[in-house]
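Just follow the structure's listing: the first ligand is 1, and inside any ligand the first atom is 1.
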Amino acid sequence: MKQIVLLGSTGSIGNSVLDIVTKCPEQFSILGLAARRSDEKLEAQIRMFRPQCVALADSDAAQRLRARIDDPAIHILDGPNGVTDVATHPESDLVISAIVGGAGLVPTLAAIRAGRQVALANKEPMVMAGQLMQEEARRQGMSIFPIDSEHSAIFQSLVGHRREDISRIILTASGGPFWDCSQDVMERATPEQALQHPNWEMGSKITIDSATLMNKGLEVIEAHWLFECPPAQLDVVIHRESVVHSLVEYCDGSVIAQLGLPDMRTPISYAMNYPERVPLDLPRLELWKFGTLTFEQPDHGRFPCLKLAYESLERGGTCPAILNGANEVAVDAFLNHGLPFGDIACVIDHTLQCASIQPLVSLEDALEADRWARDTTSAFIHSVAS
Ligand code: MG
């Protein structure tokens with residue numbers, strides 16, 4: 001029986017993990033859960049899965065939860081330190097990190113440092129501090145299991161192959177809801193329109209990132225660190241159907257890909273059971289139902305966020321952390337109707353132009369870069385709006 005700690009349990013990935021745990025009660029039990037502030041959802045999960053410890057990053061939400069869960073066997077922790085305490089619980093077999101955004105960095109890195117096996121569903125910690133995450137994982141003799149569908153596909157396409165034989169990693173991108181729209185329509189898109197992803201059901205932050213293609217940019221950076229692949233060997237291809245989840249090209253020209261219907265339970269289950277596979281009762285891929293699979297080149301003119309991510313990776317140091325912090329603030333402003341969709345990339349670009357890039361040596365370097373990027377981006381958005 002694997003003891004699971006799930007960080008970000010009330011989000012979209014969290015729900016899928018718990019669905020797998022429900023389907024496989026002999027294989028998994030829930031040891032710890034953590035969420036940001038959804039105390040009612042967390043309460044329902046506690047009653048269903050009976051974890052030893054839970055944490056809410058928001059202390060007021062934790063207070064409300066304590067008032068309703070009167071069970072001395074369940075420890076209710078609060079604040080960022082409480083989340084980190086759950087993440088580093090010494091009895092876990094697997095920590096699934098699915099917290100949205102940069103907030104996942106501190107607890108995820110702490111889990112790796114504590115020698116816990118980590119499966120990573122949120123890409124932001126890798127974007128902000130991939131070098132530190134990998135150094136720490138190597139020190140622990142552990143490899144981080146990817147859950148992001150593209151990285152899971154790459155991970156699966158690497159099995160049985162030598163890293164030195166890779167010539168290229170090709171990430172697929174759906175193109176998001178605006179791929180076929182005119183520039184004009186896209187620039188004026190509302191949050192409601194941008195939240196309509198054609199293939200995947202995901203949380204709001206990642207859905208907006210998919211619409212700007214920043215999600216693919218962040219995934220390129222994530223892939224760089226996870227698979228130790230130089231930026232020049234990381235490519236993106238637009239694949240509207242989201243059936244081919246990513247590909248690895250080897251030095252002899254062979255290309256190995258992983259395919260499947262777009263359902264996050266498949267990559268989640270692979271990470272939870274690695275190196276085994278367990279039967280999952282999910283709809284199967286019938287290629288004839290698709291008939292045609294299409295592939296196109298990314299359009300950097302209409303989707304500048306992807307280019308900004310490549311540039312940030314090349315600049316290195318704290319630049320990807322700055323990119324990520326600026327993006328989170330810009331996406332938040334857009335979702336709150338405080339920034340037009342067409343200005344998301346401009347705002348991030350402005351922050352990157354102002355940035356002084358430092359070497360990334362410690363966690364504090366990444367957190368400081370993140371804070372600076374958030375402050376600078378917020379101030380810029382306010383100055384433009386007023
Ligand atoms: Mg992905």
(request) For atom CD of Q183, decide whether the heavy atoms of other residues, nucleotides or ligands shown that lie under 6.0 angstrom number more than 12. (result)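 Result for CD/Q183: enclosed.
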(request) Could you tell me whether F155 and Y274 have their ring centroids closer than 6.0 angstrom? (result)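 Between F155 and Y274, the centre distance is under 6.0 Å.
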(message) Quick check: Y270 with F145 (ring centres under 6.0 Å apart)?
(response)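 Distance test on ring centres: not under 6.0 Å, no.
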(request) Return the number of protein N, O or S atoms with a distance to the Mg ion (ligand 1) smaller than 2.8 Å. (result)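 N, O or S atoms of the protein closer than 2.8 Å: 3.
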(request) Evaluate the side-chain proximity of H224 to P231: yes if any heavy-atom separation is below 4.5 Å, no if none is. (result)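 Contact flag for P231/H224 side chains = yes.
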(message) Using the rule given for salt bridge (Lys or Arg N to Asp or Glu O under 4.0 Å), can you reason through E228 versus R163, listing the C-alpha separation, both sets of side-chain angles and the distance that settles it, and then say yes or no?
(response) CA-CA 9 Å; E228 297 169 45; R163 294 290 165 104; 5.2 Å; no
(request) List, by chain and number, the other hydrophobic cluster members for I170, where Ile, Leu, Val, Met, Phe, Trp and Tyr join if side-chain heavy atoms come within less than 4.5 Å, directly or indirectly. (result)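 Reading the cluster by chain and number, I170 sits alongside V237, V243, V244, L247, V255, L259, L261, L285, L287, F290, L293, F295.
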